Amino acid sequence: MVTSPIATLIQPALERGSIEDSEVQHMRQRWHDGGELQAADADALFALQGVLAGRNPTFNALFEEMLTAFVLDRNEPKGSISKEQGAWVLSMLDGGEGLVANAAELALLIRLVEQADSVPDDLASFALHQIQHAAMTGEGPAAKGRIHFSRVIDSRDIANMARLFQVEKGARRRIISRQEAEMLFDMAEGCNSDDPAWDGLFAETIQAHLLATNQPSNTGGRSLATPVVLADRDSAWLNQRIQHDGRVSRAERALLALVDPRQMAATNAWDRPISQMI
(Lines give C-alpha, C1' and ligand atoms only; values in the text may rest on other atoms or scores of the structure.)
Protein backbone atom coordinates (compact mmCIF):
# COMPACT_ATOMS: atom_id res chain seq x y z
CA MET A 1 0.00 0.00 0.00
CA VAL A 2 1.32 3.45 -0.95
CA THR A 3 1.83 5.63 2.16
CA SER A 4 4.41 8.23 1.10
CA PRO A 5 2.82 11.67 0.40
CA ILE A 6 4.37 12.24 -3.03
CA ALA A 7 3.80 8.65 -4.10
CA THR A 8 0.17 8.99 -3.00
CA LEU A 9 -0.26 12.05 -5.25
CA ILE A 10 1.34 10.20 -8.17
CA GLN A 11 -0.87 7.12 -7.91
CA PRO A 12 -3.99 8.54 -9.66
CA ALA A 13 -1.90 9.89 -12.55
CA LEU A 14 -0.15 6.56 -12.82
CA GLU A 15 -3.48 4.76 -13.03
CA ARG A 16 -4.76 7.19 -15.71
CA GLY A 17 -1.50 7.26 -17.63
CA SER A 18 -1.47 11.06 -17.71
CA ILE A 19 -0.97 14.03 -15.41
CA GLU A 20 -2.30 17.58 -15.36
CA ASP A 21 -0.09 20.60 -14.78
CA SER A 22 -2.15 21.43 -11.70
CA GLU A 23 -1.28 18.03 -10.25
CA VAL A 24 2.40 18.66 -10.91
CA GLN A 25 2.19 22.00 -9.11
CA HIS A 26 0.41 20.36 -6.17
CA MET A 27 3.16 17.75 -6.07
CA ARG A 28 5.85 20.44 -6.11
CA GLN A 29 4.19 22.29 -3.25
CA ARG A 30 3.84 19.12 -1.19
CA TRP A 31 7.52 18.39 -1.79
CA HIS A 32 8.57 21.86 -0.68
CA ASP A 33 6.36 21.60 2.40
CA GLY A 34 7.29 18.03 3.29
CA GLY A 35 11.06 17.99 2.93
CA GLU A 36 13.13 14.93 2.03
CA LEU A 37 11.81 12.43 -0.49
CA GLN A 38 11.43 8.76 0.41
CA ALA A 39 12.39 5.72 -1.64
CA ALA A 40 8.72 5.11 -2.43
CA ASP A 41 8.50 8.63 -3.90
CA ALA A 42 11.50 8.02 -6.15
CA ASP A 43 10.10 4.69 -7.34
CA ALA A 44 6.75 6.34 -8.10
CA LEU A 45 8.40 9.17 -10.04
CA PHE A 46 10.25 6.69 -12.23
CA ALA A 47 7.11 4.61 -12.69
CA LEU A 48 5.12 7.63 -13.89
CA GLN A 49 7.91 8.79 -16.19
CA GLY A 50 7.96 5.29 -17.63
CA VAL A 51 4.32 5.80 -18.62
CA LEU A 52 4.61 9.43 -19.75
CA ALA A 53 7.89 8.82 -21.62
CA GLY A 54 8.89 12.48 -21.45
CA ARG A 55 5.70 13.82 -23.02
CA ASN A 56 4.86 16.28 -20.21
CA PRO A 57 7.46 19.09 -19.94
CA THR A 58 6.07 20.34 -16.62
CA PHE A 59 6.43 16.92 -15.04
CA ASN A 60 9.83 16.43 -16.68
CA ALA A 61 11.21 19.48 -14.87
CA LEU A 62 9.90 18.31 -11.49
CA PHE A 63 11.06 14.75 -12.15
CA GLU A 64 14.61 16.02 -12.77
CA GLU A 65 14.64 18.32 -9.75
CA MET A 66 13.17 15.84 -7.29
CA LEU A 67 15.36 12.90 -8.24
CA THR A 68 18.51 15.01 -8.34
CA ALA A 69 17.76 16.09 -4.77
CA PHE A 70 16.87 12.51 -3.77
CA VAL A 71 20.21 11.15 -4.98
CA LEU A 72 22.59 13.98 -4.08
CA ASP A 73 21.17 15.01 -0.69
CA ARG A 74 21.04 11.58 0.92
CA ASN A 75 24.74 10.90 1.35
CA GLU A 76 27.37 12.26 3.68
CA PRO A 77 29.08 14.25 2.42
CA LYS A 78 26.17 15.60 0.45
CA GLY A 79 26.68 15.83 -3.27
CA SER A 80 28.35 12.47 -3.76
CA ILE A 81 26.84 9.41 -5.45
CA SER A 82 27.71 6.18 -3.68
CA LYS A 83 28.28 2.90 -5.49
CA GLU A 84 24.97 1.64 -4.14
CA GLN A 85 23.09 4.72 -5.33
CA GLY A 86 24.85 4.58 -8.68
CA ALA A 87 23.74 0.97 -9.11
CA TRP A 88 20.16 1.98 -8.26
CA VAL A 89 20.20 4.87 -10.73
CA LEU A 90 21.55 2.53 -13.42
CA SER A 91 18.84 -0.03 -12.70
CA MET A 92 16.15 2.64 -13.02
CA LEU A 93 17.52 4.37 -16.13
CA ASP A 94 18.80 1.50 -18.28
CA GLY A 95 16.00 0.97 -20.76
CA GLY A 96 17.84 -1.72 -22.70
CA GLU A 97 20.98 -1.87 -24.86
CA GLY A 98 22.69 0.50 -22.44
CA LEU A 99 20.43 3.46 -23.28
CA VAL A 100 17.99 5.52 -21.25
CA ALA A 101 14.37 5.27 -22.30
CA ASN A 102 13.68 8.91 -23.14
CA ALA A 103 15.05 12.46 -23.20
CA ALA A 104 13.67 13.27 -19.72
CA GLU A 105 15.69 10.45 -18.20
CA LEU A 106 18.75 11.58 -20.16
CA ALA A 107 18.36 15.09 -18.72
CA LEU A 108 18.26 13.63 -15.22
CA LEU A 109 21.34 11.49 -15.84
CA ILE A 110 23.39 14.40 -17.20
CA ARG A 111 22.34 16.65 -14.34
CA LEU A 112 23.28 14.05 -11.73
CA VAL A 113 26.77 13.56 -13.15
CA GLU A 114 27.23 17.28 -13.71
CA GLN A 115 26.33 18.26 -10.15
CA ALA A 116 27.85 15.36 -8.21
CA ASP A 117 31.13 15.82 -6.38
CA SER A 118 31.96 12.16 -6.98
CA VAL A 119 30.43 9.67 -9.42
CA PRO A 120 30.91 5.87 -9.67
CA ASP A 121 32.84 4.98 -12.82
CA ASP A 122 30.10 2.74 -14.21
CA LEU A 123 27.46 5.47 -13.91
CA ALA A 124 29.77 8.04 -15.53
CA SER A 125 30.54 5.64 -18.39
CA PHE A 126 26.83 4.92 -18.84
CA ALA A 127 26.19 8.66 -19.16
CA LEU A 128 28.94 9.15 -21.74
CA HIS A 129 27.67 6.14 -23.68
CA GLN A 130 24.42 8.04 -24.34
CA ILE A 131 26.39 10.76 -26.16
CA GLN A 132 28.68 8.31 -27.89
CA HIS A 133 25.70 6.35 -29.24
CA ALA A 134 24.10 9.51 -30.64
CA ALA A 135 27.37 10.57 -32.29
CA MET A 136 28.10 7.17 -33.81
CA THR A 137 24.58 6.28 -34.97
CA GLY A 138 22.67 9.57 -35.15
CA GLU A 139 19.95 7.88 -33.09
CA GLY A 140 18.83 7.40 -29.50
CA PRO A 141 17.51 9.73 -26.78
CA ALA A 142 20.62 11.96 -26.93
CA ALA A 143 19.94 12.65 -30.63
CA LYS A 144 16.19 13.11 -30.36
CA GLY A 145 14.65 16.46 -31.28
CA ARG A 146 17.14 17.51 -33.93
CA ILE A 147 18.72 16.29 -37.15
CA HIS A 148 21.74 14.26 -36.13
CA PHE A 149 23.80 12.44 -38.75
CA SER A 150 25.71 9.29 -37.90
CA ARG A 151 29.43 9.55 -37.17
CA VAL A 152 29.12 13.25 -36.41
CA ILE A 153 29.78 15.06 -33.12
CA ASP A 154 27.59 18.16 -33.07
CA SER A 155 27.42 21.16 -30.77
CA ARG A 156 24.77 19.58 -28.51
CA ASP A 157 26.92 16.49 -28.06
CA ILE A 158 29.87 18.70 -27.13
CA ALA A 159 27.77 20.73 -24.66
CA ASN A 160 26.46 17.56 -23.03
CA MET A 161 29.96 16.12 -22.69
CA ALA A 162 31.22 19.38 -21.19
CA ARG A 163 28.50 19.04 -18.56
CA LEU A 164 29.42 15.42 -17.86
CA PHE A 165 33.09 16.35 -17.47
CA GLN A 166 32.20 19.36 -15.28
CA VAL A 167 34.30 21.66 -17.45
CA GLU A 168 32.91 24.79 -15.77
CA LYS A 169 34.66 23.78 -12.53
CA GLY A 170 38.02 24.53 -14.18
CA ALA A 171 40.90 22.83 -12.36
CA ARG A 172 38.35 20.91 -10.25
CA ARG A 173 36.72 19.33 -13.30
CA ARG A 174 35.80 15.68 -13.02
CA ILE A 175 38.63 13.32 -13.92
CA ILE A 176 37.36 10.64 -16.30
CA SER A 177 38.07 6.92 -15.99
CA ARG A 178 40.15 4.91 -18.45
CA GLN A 179 36.93 3.40 -19.84
CA GLU A 180 35.61 6.88 -20.61
CA ALA A 181 38.96 7.81 -22.16
CA GLU A 182 38.67 4.78 -24.45
CA MET A 183 35.18 5.90 -25.46
CA LEU A 184 36.44 9.39 -26.29
CA PHE A 185 39.18 7.95 -28.49
CA ASP A 186 36.58 5.78 -30.26
CA MET A 187 34.63 8.95 -31.00
CA ALA A 188 37.75 10.84 -32.12
CA GLU A 189 38.59 8.03 -34.54
CA GLY A 190 35.08 7.20 -35.72
CA CYS A 191 33.38 10.60 -35.95
CA ASN A 192 33.86 13.98 -37.56
CA SER A 193 33.03 17.39 -36.15
CA ASP A 194 32.91 20.85 -37.70
CA ASP A 195 33.04 22.38 -34.24
CA PRO A 196 36.60 23.13 -33.05
CA ALA A 197 35.30 23.01 -29.48
CA TRP A 198 35.37 19.21 -29.79
CA ASP A 199 39.14 19.21 -30.34
CA GLY A 200 39.76 21.26 -27.23
CA LEU A 201 37.32 19.28 -25.09
CA PHE A 202 38.83 15.96 -26.17
CA ALA A 203 42.44 17.09 -25.72
CA GLU A 204 41.99 18.73 -22.32
CA THR A 205 39.85 15.90 -20.95
CA ILE A 206 42.35 13.22 -21.97
CA GLN A 207 45.22 15.37 -20.72
CA ALA A 208 43.55 15.81 -17.33
CA HIS A 209 42.99 12.03 -17.18
CA LEU A 210 46.67 11.36 -17.89
CA LEU A 211 47.81 14.01 -15.44
CA ALA A 212 45.70 12.44 -12.70
CA THR A 213 46.96 8.97 -13.58
CA ASN A 214 50.61 10.01 -13.46
CA GLN A 215 50.40 12.53 -10.63
CA PRO A 216 47.38 11.57 -8.51
CA SER A 217 48.49 13.76 -5.59
CA ASN A 218 48.50 16.92 -7.71
CA THR A 219 45.45 16.68 -10.00
CA GLY A 220 44.10 20.07 -9.01
CA GLY A 221 47.29 22.06 -8.68
CA ARG A 222 48.75 22.12 -12.18
CA SER A 223 47.59 24.05 -15.18
CA LEU A 224 46.17 22.06 -18.08
CA ALA A 225 48.53 24.10 -20.27
CA THR A 226 51.52 22.23 -18.82
CA PRO A 227 52.69 19.32 -21.04
CA VAL A 228 52.41 15.95 -19.33
CA VAL A 229 55.37 13.61 -18.98
CA LEU A 230 53.93 10.11 -18.92
CA ALA A 231 54.96 6.93 -17.17
CA ASP A 232 55.74 3.99 -19.44
CA ARG A 233 52.34 2.29 -18.96
CA ASP A 234 50.41 5.38 -20.04
CA SER A 235 52.85 6.21 -22.81
CA ALA A 236 52.27 2.72 -24.23
CA TRP A 237 48.49 3.08 -23.94
CA LEU A 238 48.43 6.49 -25.61
CA ASN A 239 50.78 5.33 -28.31
CA GLN A 240 48.49 2.39 -29.09
CA ARG A 241 45.33 4.51 -29.04
CA ILE A 242 46.62 7.22 -31.37
CA GLN A 243 47.98 4.67 -33.84
CA HIS A 244 44.91 2.45 -33.57
CA ASP A 245 43.36 3.38 -36.91
CA GLY A 246 46.55 4.32 -38.76
CA ARG A 247 45.93 8.05 -38.78
CA VAL A 248 46.00 11.01 -36.41
CA SER A 249 42.67 12.82 -36.21
CA ARG A 250 42.34 16.56 -35.68
CA ALA A 251 41.28 16.00 -32.07
CA GLU A 252 44.29 13.73 -31.49
CA ARG A 253 46.59 16.38 -32.94
CA ALA A 254 45.16 18.81 -30.39
CA LEU A 255 46.01 16.31 -27.67
CA LEU A 256 49.59 15.93 -28.95
CA ALA A 257 49.99 19.69 -28.59
CA LEU A 258 49.38 19.22 -24.85
CA VAL A 259 51.11 15.87 -24.37
CA ASP A 260 54.43 16.44 -26.14
CA PRO A 261 55.90 13.15 -27.44
CA ARG A 262 59.43 14.49 -26.93
CA GLN A 263 58.79 14.87 -23.19
CA MET A 264 57.27 11.43 -22.72
CA ALA A 265 58.88 8.30 -21.40
CA ALA A 266 60.50 6.34 -24.23
CA THR A 267 58.23 3.36 -24.76
CA ASN A 268 57.34 1.38 -27.87
CA ALA A 269 59.45 3.73 -30.04
CA TRP A 270 56.82 6.45 -29.51
CA ASP A 271 58.66 9.37 -31.09
CA ARG A 272 59.48 7.89 -34.46
CA PRO A 273 56.12 6.36 -35.54
CA ILE A 274 54.01 9.21 -34.23
CA SER A 275 56.24 11.88 -35.75
CA GLN A 276 55.97 10.09 -39.08
CA MET A 277 52.19 9.97 -38.85
CA ILE A 278 51.75 13.68 -38.13
Side-chain angles (χ1 to χ4, degrees), residues 1-96 99-120 123-124 126-127 130-131 134 140-146 156 159-160 162-164 166 168:
M1 182 176 179
V2 176
T3 58
S4 181
I6 298 298
T8 300
L9 291 177
I10 288 175
Q11 193 61 35
L14 190 57
E15 292 172 356
R16 292 195 315 269
S18 64
I19 191 168
E20 300 295 331
D21 285 354
S22 59
E23 293 177 289
V24 176
Q25 296 304 326
H26 186 195
M27 198 183 306
R28 182 185 293 277
Q29 189 61 53
R30 179 66 67 88
W31 175 39
H32 288 166
D33 292 343
E36 188 174 283
L37 295 171
Q38 303 302 311
D41 300 323
D43 289 341
L45 286 164
F46 271 114
L48 182 55
Q49 189 61 269
V51 173
L52 298 178
R55 293 189 297 269
N56 188 304
T58 306
F59 177 72
N60 291 347
L62 185 61
F63 170 83
E64 185 178 333
E65 292 173 32
M66 280 185 162
L67 287 168
T68 298
F70 175 77
V71 173
L72 297 184
D73 291 348
R74 291 172 67 86
N75 281 341
E76 290 296 337
K78 287 188 176 183
S80 63
I81 302 177
S82 68
K83 289 185 177 180
E84 293 76 15
Q85 281 186 314
W88 176 78
V89 172
L90 275 172
S91 71
M92 301 302 285
L93 288 179
D94 192 343
L99 298 176
V100 297
N102 54 64
E105 293 187 356
L106 175 68
L108 169 63
L109 176 60
I110 292 175
R111 182 168 176 170
L112 284 172
V113 177
E114 177 186 33
Q115 294 191 2
D117 294 327
S118 63
V119 185
L123 183 61
F126 176 74
Q130 312 305 308
I131 315 305
K144 191 172 182 179
R146 67 191 192 279
R156 182 83 61 82
N160 283 335
R163 292 180 63 192
L164 292 179
Q166 302 176 351
E168 288 191 357

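Being a predicted model, the structure only gives us computed values, none of them experimental. Heads up: numbering here begins at 1 and tracks the sequence.
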Passes side chain to side chain contact (heavy atoms under 4.5 Å, CB included), Asp41 versus Trp31? Steps please.
-> CA-CA 10 Å; Asp41 300 323; Trp31 175 39; over 6 Å; no

Can you list the residues that meet the side chain to side chain contact (heavy atoms under 4.5 Å, CB included) rule with Gln166, with sequence neighbours excluded?
-> Lys169, Arg174

Option passing side-chain contact (heavy atoms from CB on, under 4.5 Å) with Phe63 (candidates Asn56, Leu45, Thr58) | Leu45

With Pro120, which of Ile81, Val89, Leu90 fulfils side-chain contact (heavy atoms from CB on, under 4.5 Å)?
-> Ile81

For Arg74 and Glu36, what are the C-alpha separation, side-chain angles and deciding distance, and is it a side chain to side chain contact (heavy atoms under 4.5 Å, CB included)?
-> CA-CA 9 Å; Arg74 291 172 67 86; Glu36 188 174 283; 3.9 Å; yes

What residues, two or more places apart in sequence or in another chain, satisfy salt bridge (Lys or Arg N to Asp or Glu O under 4.0 Å) together with Arg16?
-> Glu23

Backbone N or O of Asn60 within a donor-acceptor pair of the Gln49 side chain at under 3.5 Å?
-> no

Arg111, CZ atom: more than 12 neighbouring heavy atoms under 6.0 Å | yes

Can you find a heavy atom in the side chain of Leu106 that is under 4.5 Å from one in the side chain of Lys144?
-> no

Backbone N/O of Ala142 and side chain of Gln130: donor-acceptor pair under 3.5 Å = no

Side chain to side chain contact (heavy atoms under 4.5 Å, CB included) assessment of Glu105 paired with Asn102 = CA-CA 6 Å; Glu105 293 187 356; Asn102 54 64; 3.4 Å; yes

Would you please name every residue forming a side chain to side chain contact (heavy atoms under 4.5 Å, CB included) with Ala143, sequence neighbours left out?
-> Ala134, His148

Is the CD atom of Glu168 crowded by more than 12 outside heavy atoms at less than 6.0 Å?
-> no

Looking at the rings of Phe46 and Trp88, which for Trp means the six-membered one, are their centres under 6.0 Å apart?
-> yes

